[in-house]
K.L.:
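Quick one: this structure, given as structure tokens, is what I'll be asking you about.
Only this structure's heavy atoms are used, side chains among them; waters, hydrogens and symmetry mates stay out.
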Amino acid sequence: MNDKLNHVDFRWYIVRTRPHREIKLVELLEKQKTKTKNILEVYAPIHTVVNVHSNGADRQVPLFAGFVFVLATQNALMEFMKEHPLEGDVQYERK
């Protein structure tokens with residue numbers, strides 16, 4: 001998607017991280033989002049699971065373990081990945 005003023009190219013990226021680390025990656029990306037204007041959205045879908053064997057407690061778990069979806073420019077995302085190299089890898093760029 002192109003910005004009409006600056007011709008900035010925003011795309012959806014899938015960032016892969018270790019399973020159960022999605023929340024931490026989302027928090028780091030949200031912090032980065034406040035610093036730069038080129039990360040627009042960060043999305044890690046979750047769903048609720050009821051565990052019958054453990055007192056029926058509800059808990060929220062990632063829908064796609066190890067995946068976070070990011071709407072950003074490639075430069076902004078690559079800068080973030082350089083600052084946090086152990087948090088994830090960019091797996092897919094959708095055009």
Side-chain angles (χ1 to χ4, degrees):
M1 145 179 26
N2 289 329
D3 182 355
K4 291 182 181 180
L5 297 177
N6 301 336
H7 302 290
V8 178
D9 194 18
F10 290 100
R11 297 178 187 211
W12 279 102
Y13 294 91
I14 297 175
V15 180
R16 182 158 183 157
T17 187
R18 293 178 295 201
H20 309 293
R21 302 279 295 184
E22 302 86 1
I23 304 273
K24 182 175 181 184
L25 181 59
V26 167
E27 289 171 358
L28 287 171
L29 281 162
E30 288 292 338
K31 269 193 214 174
Q32 186 72 20
K33 193 170 140 179
T34 60
K35 294 178 187 176
T36 180
K37 295 179 182 174
N38 288 338
I39 296 177
L40 295 181
E41 288 187 44
V42 179
Y43 181 62
I46 57 172
H47 69 282
T48 303
V49 174
V50 177
N51 193 347
V52 176
H53 300 291
S54 297
N55 301 329
D58 293 350
R59 63 184 184 129
Q60 293 185 338
V61 296
L63 187 59
F64 304 110
F67 293 97
V68 176
F69 302 90
V70 182
L71 179 61
T73 63
Q74 185 174 8
N75 290 340
L77 193 55
M78 291 302 121
E79 276 183 34
F80 172 80
M81 299 307 287
K82 285 179 187 174
E83 290 177 18
H84 306 281
L86 299 177
E87 295 304 323
D89 296 317
V90 176
Q91 289 291 112
Y92 178 72
E93 169 189 350
R94 182 173 178 199
K95 294 184 178 183

K.L.:
Quick one: does Val68's side chain get under 4.5 Å of Tyr43's, heavy atoms only?
P.N.:
no
K.L.:
Out of curiosity, Asp9 CG to Thr73 OG1, how far, rounded to the nearest 0.5 Å?
P.N.:
8.5 Å
K.L.:
I need the full list of salt bridge (charged side-chain N to carboxylate O under 4.0 Å, His left out) pairs touching residues 69-85, with sequence neighbours left out, sorted by first then second residue.
P.N.:
none
K.L.:
Asn75 versus Phe80: any side-chain heavy-atom pair under 4.5 Å?
P.N.:
no
K.L.:
How are the rings of Phe64 and Phe69 set relative to one another: parallel (under 30°), tilted (30 to 60°) or perpendicular (over 60°)?
P.N.:
perpendicular
K.L.:
If I take atom CD1 from residue Ile23 and atom CZ from residue Arg21, how far apart are they, to the nearest 0.5 angstrom?
P.N.:
11.5 Å
K.L.:
Taking Glu22 for its side chain and Ala44 for its backbone only, find out whether a donor-acceptor pair lies under 3.5 Å.
P.N.:
no
K.L.:
How far does CH2 of Trp12 sit from CG of Leu71, to the nearest 0.5 angstrom?
P.N.:
5.0 Å
K.L.:
Would you give the length of the straight line joining atom CG of Leu29 to atom OG1 of Thr36, rounded to the nearest 0.5 angstrom?
P.N.:
11.5 Å
K.L.:
Taking all heavy atoms of Ile39 and all of Ala76, pick out the closest pair and write down the distance.
P.N.:
CG1-CB, 4.0 Å
K.L.:
Is there a side-chain contact between Val15 and Leu25, using heavy atoms and a 4.5 Å cut-off?
P.N.:
yes
K.L.:
Between Asn38 and Phe10, what is the shortest heavy-atom contact and its length?
P.N.:
O-CE2, 3.5 Å
K.L.:
Any salt bridge (charged side-chain N to carboxylate O under 4.0 Å, His left out) involving residues 31-41? Give me the pairs, sequence neighbours left out, ordered by first then second residue.
P.N.:
Glu30-Lys33
